[in-house]
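Below is one structure, written out as structure tokens, with a few remarks after it.
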There are 2 protein chains.
Amino acid sequence: MQETIQNILKKNLLSITGSRVKILELFLAQNGALAHGDIEKRTGEKFDRVTVYRTLQVFLNKGIIHSIPTADNSVLYALCKDDCAEGHHHDNHVHFVCDNCGNTVCMDEVTVPLIKLPNGYEMRQVEMVVSGRCKVCAAGKGV
Amino acid sequence: MQETIQNILKKNLLSITGSRVKILELFLAQNGALAHGDIEKRTGEKFDRVTVYRTLQVFLNKGIIHSIPTADNSVLYALCKDDCAEGHHHDNHVHFVCDNCGNTVCMDEVTVPLIKLPNGYEMRQVEMVVSGRCKVCAAGKGV
DNA sequence: AGGAAGATGCAACTTTGTTGCAAAATATTT
DNA sequence: AAATATTTTGCAACAAAGTTGCATCTTCCT
Ligand SMILES: [Mn+2]
Ligand SMILES: [Mn+2]
Ligand SMILES: [Zn+2]
Ligand SMILES: [Zn+2]
């Protein structure tokens, strides 16, 4: 995995630094999305808050991660699995936010359906966020 | 219109106060969505910031307005046109955010398509936000 | 190893949102 | 139309979230 991380950074022409490696590790270990706050907690006192902000910003621009709009307007990020590039993202999958455990996941196998807009509107990107109870919470009868 | 506003408030068992009337006026005058900041600007120095927050919160709870998730995670609100009630909203329409002019509108005539989730997931709410260029901006060749 | 380019931490600041409480406005009762 | 009860508001103080400039430290390249 260490290998993978280095490759991701190199492929994106980014220098390999402690914070970038650590934050990428977190994303790869996690199968869901992470908020800025999550990352701060899990990196402990290791990095400055500002560095985390800047690292996420760089990852976003490079198309390494994408942000997820949520109903409660907290900012979440998840790894891009498709071949997103600088500027152009195309993660056209649905996101699921669990009301119970708070976990948010990319549903890579569920693609956002096409819709028809009224005349004159030009569609560029479509985001679809579903909330409810996740597999785990639904099975566990709501913990 | 003054009549309508009073009615909306009464119907929802809310006392009629300056801030509530003024903020409802803004929503009725606007055909798009408003951010907290917009409202503060347009009410001038008339109301305290806290009052605006609390008014929006009350309107949300009563189902007078609904919030719109956006990709850049700014909080937007728009009038509910359906018969949303306290607790239960059902504005299952698509929202459109214009990349050019920043305007956000409810597309009441475009309903969010049904999707099928992987086994075990329980869907409660679906949000769909489209971004691109709005009718006005697309026609005006991007201002 | 040395130097240029880039990343980080710190401090200071802005913006956004929250809470408790007394004063003011609104609704209700007499 | 008062008087009273109930809500709402503004203020102050605070907390959280995000931004910027700049000096210092790291990384990368030769
Ligand atoms: Mn995703
Ligand atoms: Mn809407
Ligand atoms: Zn869950
Ligand atoms: Zn527009």
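We name chains A, B, ... by the order of the sequence lines, and we start the count at 1 in each one.
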Flag yes if [X] and [Y] sit in one hydrophobic cluster, no otherwise; membership is Ile, Leu, Val, Met, Phe, Trp, Tyr, and two members link when side-chain heavy atoms are under 4.5 Å apart.
X	Y	result
B/Val97	B/Val75	no
A/Leu34	A/Leu24	yes
A/Val94	B/Met128	yes

Between [atom2] on [N] and [atom1] on [X], what's the gap in Å once rounded to a whole number?
X	N	atom1	atom2	value
A/Asp48	D/dA23	CG	C1'	14 Å
A/Arg54	D/dA17	CZ	P	18 Å
B/Glu45	D/dT9	CD	C1'	16 Å
A/Leu56	D/dA17	CG	C1'	13 Å
B/Tyr53	D/dA15	OH	P	17 Å
B/Phe47	C/dA24	CZ	P	17 Å
B/Ile39	C/dT15	CD1	P	18 Å
A/Leu14	C/dA5	CG	P	18 Å

Over all strands shown, is A/Val75 touching base, sugar-phosphate only, or nothing at heavy-atom distances under 4.0 angstrom?
sugar-phosphate

Pick base, sugar-phosphate or nothing for A/Lys10, based on heavy-atom distances below 4.0 Å to the nucleic acid.
nothing

At under 4.0 Å, does any side-chain N or O of A/Ser19 touch on OP1 or OP2 of C/dT8?
yes

Residue [X], side-chain heavy atoms: nucleotide from [options] that is nearest:
X	options	result
B/Arg49	C/dG20, D/dG18, C/dG17	C/dG17
B/Ser15	C/dC10, D/dT27, D/dT7	D/dT7
B/Thr51	D/dT7, D/dG10, C/dG6	D/dG10
B/Arg20	D/dT9, C/dA11, D/dG18	D/dT9

Let me spell it out: for each of A/Gln57 and B/Gly18, pick the nucleotide of DNA chain D with the closest heavy atom. Which residue's pick is nearer the 5' end?
B/Gly18

Test of ring centre spacing under 6.0 Å for B/His36 and B/Tyr53
yes

Under a 4.0 Å threshold between the charged nitrogen and the carboxylate oxygen, would B/Asp99 count as salt-bridged to A/Arg124?
yes

Return whichever of B/Thr17 or A/Thr17 has its heavy-atom-nearest nucleotide of DNA chain C closer to the 5' end.
A/Thr17

